[in-house]
Amino acid sequence: MDKNEIIEILKSENANEIYKKADKIRREHCGNIVHLRALIEFSNFCKKQCLYCGINSKNKNVKRYRLSENEIVETAKQAAKLGFKTIVLQSGEDDFFDTKKMCSIIESIKELNVAITLSIGEKTKEEYKAYKNSGADRYLLRIETTDENLYKKLHPNSDFKNRLNCLYDLKELGFETGTGVMIGLPEQTIESIADDILFFKKLNADMVGLGPFISHCDTELKDSPNGSFELALKALAITRVLMPKINIPATTAMETLLKDGRKIALTSGANVVMPNITPLSAKSNYSIYPHKQSVNANNSLELEKLKNEIEQIGDTISKDFGTSKNFIAQKDL
């Protein structure tokens, strides 16, 4: 699929064929299984000023919190007891958690015999290497848009080239590397979304997250319309067709924007769900966008409902670490 073909599908009014094709390809290459990841949002402090994000440093209305090292590790232990094989540690870009603190947390959680995904922003190559040596397996760093001019507008105190360099550093260091974009950002074009998808292929990403933009009332983009669920779903399906072996989450933004959005994504190429196990005292304050509809991993009824939902589409929950088939294939070369 070249750029023109991608644009044609993104513009099409009826994309049922690409959804069916993506679902078929996902099942052929990744199996009839869905991987669950336990998400711990351990800090909503952030030094960045991203215009779309509810926890950006300029937002004075958000109640800031940091989980202690002990709280993070105990929450991970709870996730492991529930059967989760991957722990995702996510935060704003918070310098309080320096290399020493992060490595200590990683080492403690690694003792639980789980895979560890980090999503904590731009760091130096030396910091990434320290995380890897401490036991971190995966790293998620969304590019958000590959349109450099749009990136600069949306990220006033960030550098596009540094973001790219971080992704290539992660690949070089042997991380299972994830990235992704928001669909429907103000001034984003269909052509730039096509470029985003081709960038995933060029990077040879192992994980890709795509979700619709959702405006937040405490950001500079509060008056911007939300992104299109349908357009985000098309981008997800095209990405699956182009990259058959990668992991693609059914993002919470999709479920937030449309009831049954998660289920629709799982039948259109996605194969990962990330239930949220952040302590209830903190969870509501990690408000990157409003009304976030994530599965509450602290609630057995919600987990059972998710299991039933997965079974209804002919899938089962994975019992392994859920390593990307794309990552395994590259290691075998």
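The shown structure was predicted, so the numbers you read here are calculated from the model rather than taken from an experiment. We're numbering straight along the sequence, starting at 1. Keep in mind that the numbers below use all heavy atoms, side chains included, and drop hydrogens, waters and symmetry copies.
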### Task
Ignoring hydrogens and angles, state whether a donor on the side chain of D2 or N4 is under 3.5 Å from an acceptor on the partner side chain.
no
### Between H35 and T86, a side-chain donor and acceptor under 3.5 Å
no
### Message
With no hydrogens and no angle check, just 3.5 Å: does a side-chain donor-acceptor pair link E127 and T124?
### Response
yes
### F175 and F327 aromatic centres sub-6.0 Å
no
### Message
Under 3.5 Å, is there a donor on one side chain and an acceptor on the other for N56 and E220?
### Response
no
### Query
side-chain contact (heavy atoms from CB on, under 4.5 Å) with S318: which of T316, D315, D320?
D320
### Message
Assess, by modelled atom type and distance only, whether the side chains of T252 and Q293 contain a donor and an acceptor separated by less than 3.5 Å.
### Response
no
### Query
Can you find a side-chain donor-acceptor pair between N326 and N204 that sits under 3.5 Å?
yes
### Query
Under 3.5 Å, is there a donor-acceptor pair between the E41 and N276 side chains?
yes
### Message
Could you check whether D23 pairs with R27 (Lys NZ or Arg NE/NH1/NH2 to Asp/Glu carboxylate O, under 4.0 Å)?
### Response
yes
### Query
Hey, is NZ on K292 packed in by over 12 heavy atoms from elsewhere, all under 6.0 Å?
yes
### Working for ring pair (Phe, Tyr, Trp, His ring centres under 6.0 Å), residues Y65 and F45
CA-CA 7 Å; Y65 73 89; F45 282 84; 8.0 Å; no
### Message
How close do A205 and I246 get, counting heavy atoms only, and between which atoms?
### Response
O-CG2, 3.2 Å
### Message
Could you tell me if R37 sits above the aromatic ring of F84, with its cationic atom closer than 6.0 Å to the ring centre and no more than 45 degrees from the axis?
### Response
no
### Task
Please step through salt bridge (Lys or Arg N to Asp or Glu O under 4.0 Å) for the pair E74 and K77, ending with a clear verdict.
CA-CA 5 Å; E74 287 302 312; K77 286 180 180 178; 3.3 Å; yes
### Query
Does any donor atom in the side chain of N44 or R66 lie under 3.5 Å from an acceptor atom in the other side chain?
no
### Message
Testing the 3.5 Å rule here: is there a donor-acceptor pair between the side chains of Y286 and S91?
### Response
no
### Query
Taking atom types as modelled and ignoring hydrogens, do the side chains of D196 and T146 form a donor-acceptor contact shorter than 3.5 angstrom?
yes
### Query
Looking just at side-chain N and O atoms, do N296 and N298 make a donor-acceptor pair shorter than 3.5 Å?
yes
### Message
Among H216, K222, H155, which residue satisfies the side-chain hydrogen bond (donor to acceptor under 3.5 Å, both in side chains) criterion with Y52?
### Response
H155
### Query
Angle class for the Y128/Y131 ring planes (parallel below 30°, perpendicular above 60°, tilted otherwise)?
perpendicular
### Message
Please determine whether salt bridge (Lys or Arg N to Asp or Glu O under 4.0 Å) holds for the pair D218 and K60, giving the CA-CA distance in whole Å, both sets of side-chain angles, and the decisive distance to 0.1 Å.
### Response
CA-CA 9 Å; D218 290 326; K60 305 305 180 187; over 6 Å; no
#### Entry: Option passing salt bridge (charged side-chain N to carboxylate O under 4.0 Å, His left out) with E148 (candidates R163, K153, K161)
K161
### Message
If you apply the rule salt bridge (Lys or Arg N to Asp or Glu O under 4.0 Å), what do you find for E28 with K24, and how did you get there?
### Response
CA-CA 6 Å; E28 285 177 355; K24 182 172 183 287; 2.7 Å; yes
